[in-house]
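Here is the structure we will look at, set down as structure tokens.
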Amino acid sequence: MPLQIIRNDITKMQVDAIVNAANESLLGGGGVDGCIHRAAGAALLAECRTLGGCKTGCAKITKGYRLPAKYVIHTVGPIYKDGNQGEQALLESCYKTSLQLAKEYGCESVAFPLISSGVYSYPKDQALKVAIDMISSFLLENEMTVYIVIFDKAAYQIGEKLFSDIAEYIDDHYVDEHTDYRRESIRMNALMKPIMAIDDACACKAMAVGSGLDDALSQMDESFSEMLLRKIDERGMTDAQCYKKANIDRKLFSKIRSDVNYKPSKPTVLAFAISLELSLAETKDMLMKAGFALSHSNKFDIIIEYFIKNENYNIFEINEALFAFDQSLLGV
Ligand code: AR6
């Protein structure tokens, strides 16, 4: 998945480059800057001294020394005052110049902290939005895996209104139905056992009649891969538009394209459903072709259902919400 939002300490990331939220002197400081210098060792500071500082909105690169990352890209975010001092354009420029530098150095994977969102006081939700917007537009044109590394859970805040709407939707669909679901599944299990025994007996008979089985197999439904390609055509999208919007890696897409019986993971199916802006019924159909279903006993599924019902197909917003509710993200 080209863009991933994860919770971690950036100094632990096994990537080609990590980005440092530095100051104009490039001589170290607190926050993530302090963590990176401590983990990389004194040789990092020695190289930084040779760089002659860095202007706000720009970026410079050094080696990673004792870090698992090969490079550190040092960028200087704006100090947030009131939002009317060009802060957003400067922050956008940090992401643009850092990604450009990573590309020049042949990096295939890069990890960013939320620049400016600590000591420099940029509101965290807005800093995250800038990060997601800039990285995703870069990824439309470039092949790279980019991580946004969130250090503390509190840093990750989706809008209060969206959070409470989703929480309410989960409440309505999860809590009650979940208890009902358990009761229901116990009841269904008891009911199904004898039916399954009969079915098994029939299946054995069918197996014995070889040609019957051949016939049944030749009438198999359209596969997941076939449905995906059909929907891409129907929507008038190119393959690249579809997998990029789904935040799916190009290599994975080629595998699906070339294997008619490809068995995707459930998050992959859902990422395509969102990218193709499928209705709820179409989403369920596509899931079924891959052997899955949307369940009301699963928060992840309910959140996805919430977004599809509200016709909000922005995968990055959906991932923010999934993250906020401690669920795994789409397109992984
Ligand atoms: N891994 C990932 N993220 C981290 C880590 C870590 N180890 N440590 C902190 N963060 P900040 P700024 C998060 O203050 O706002 C320094 O003194 C943190 O929770 O490090 O751009 C520089 O020298 C926050 O969300 O950077 C500058 O003077 C985010 O990283 C100034 O601070 C950025 O917080 C730069 O301030």
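Every number for a ligand or one of its atoms is a count from 1 in the order of the listing. Everything numeric in this text was worked out from a predicted model, so none of it was measured.
With a heavy-atom cut-off of 4.0 Å, C35 touches ligand 1 through its side chain alone.
With atom 35 (C) of ligand 1 as the reference point, the heavy atom nearest to it among Y120, Y80, F112 is part of Y120.
Ligand 1 places these atoms under 4.0 Å from at least one heavy atom of G31: 20 (O). Taking a cut-off of under 4.0 Å to the non-hydrogen atoms of D9, the atoms of ligand 1 that pass are 1 (N), 6 (C), 7 (N). Of all atoms in ligand 1, listed by their number and element, those nearer than 4.0 Å to a heavy atom of G29 are 17 (O), 23 (O). Residue D33 approaches ligand 1 through these ligand atoms, each under 4.0 Å from one of its heavy atoms: 22 (C), 23 (O). Close contacts between ligand 1 and L114 involve ligand atoms 29 (C), 33 (C) [criterion: under 4.0 Å to a heavy atom]. Those atoms of ligand 1 that come under 4.0 Å of a heavy atom in A21, given as number and element, are 21 (O), 22 (C), 26 (O), 35 (C).
An N or O contact shorter than 3.5 Å is missing between A22 and ligand 1 by distance. Polar contact with ligand 1: absent for V149 (N/O pair, distance under 3.5 Å). In terms of N/O distances under 3.5 Å, ligand 1 is approached by S117. Note: an N/O pair closer than 3.5 Å links G30 and ligand 1 by distance alone. Where the criterion is an N or O separation shorter than 3.5 Å, residue side chain and backbone included, G118 meets it with respect to ligand 1.
Side-chain atoms of P113 and V149, non-hydrogen and from C-beta on, never get closer than 4.5 Å to each other. Side chains of E47 and K63 form a contact here, defined as non-hydrogen atoms less than 4.5 Å apart.
Taking the charged nitrogens against the carboxylate oxygens, R230 and E234 do have a contact shorter than 4.0 Å, which makes a salt bridge. Ion pairing between a basic and an acidic side chain is recognised when a charged N comes within 4.0 Å of a carboxylate O; D301 and K266 show such pairing. The existence of a salt bridge linking K55 and E24 is excluded, since no basic side-chain nitrogen approaches an acidic carboxylate oxygen closer than 4.0 Å. For the pair R235 and E282, the salt-bridge criterion is met [side-chain N within less than 4.0 Å of a carboxylate O].
Annotation: Y71 is in aromatic contact with Y105 [ring centroid separation under 6.0 Å]. Between Y80 and Y120, the distance from one ring center to the other does not fall under 6.0 angstrom. You'll find the ring centres of F224 and Y262 outside the 6.0 Å limit.
Residues I304 and M227 are members of one and the same hydrophobic cluster, defined by side-chain heavy-atom contacts under 4.5 angstrom among Ile, Leu, Val, Met, Phe, Trp and Tyr.
Within the 4.0 Å heavy-atom shell around ligand 1 one finds S116. Assignment of T11 to the shell around ligand 1 is not supported, since no heavy atom sits closer than 4.0 Å.
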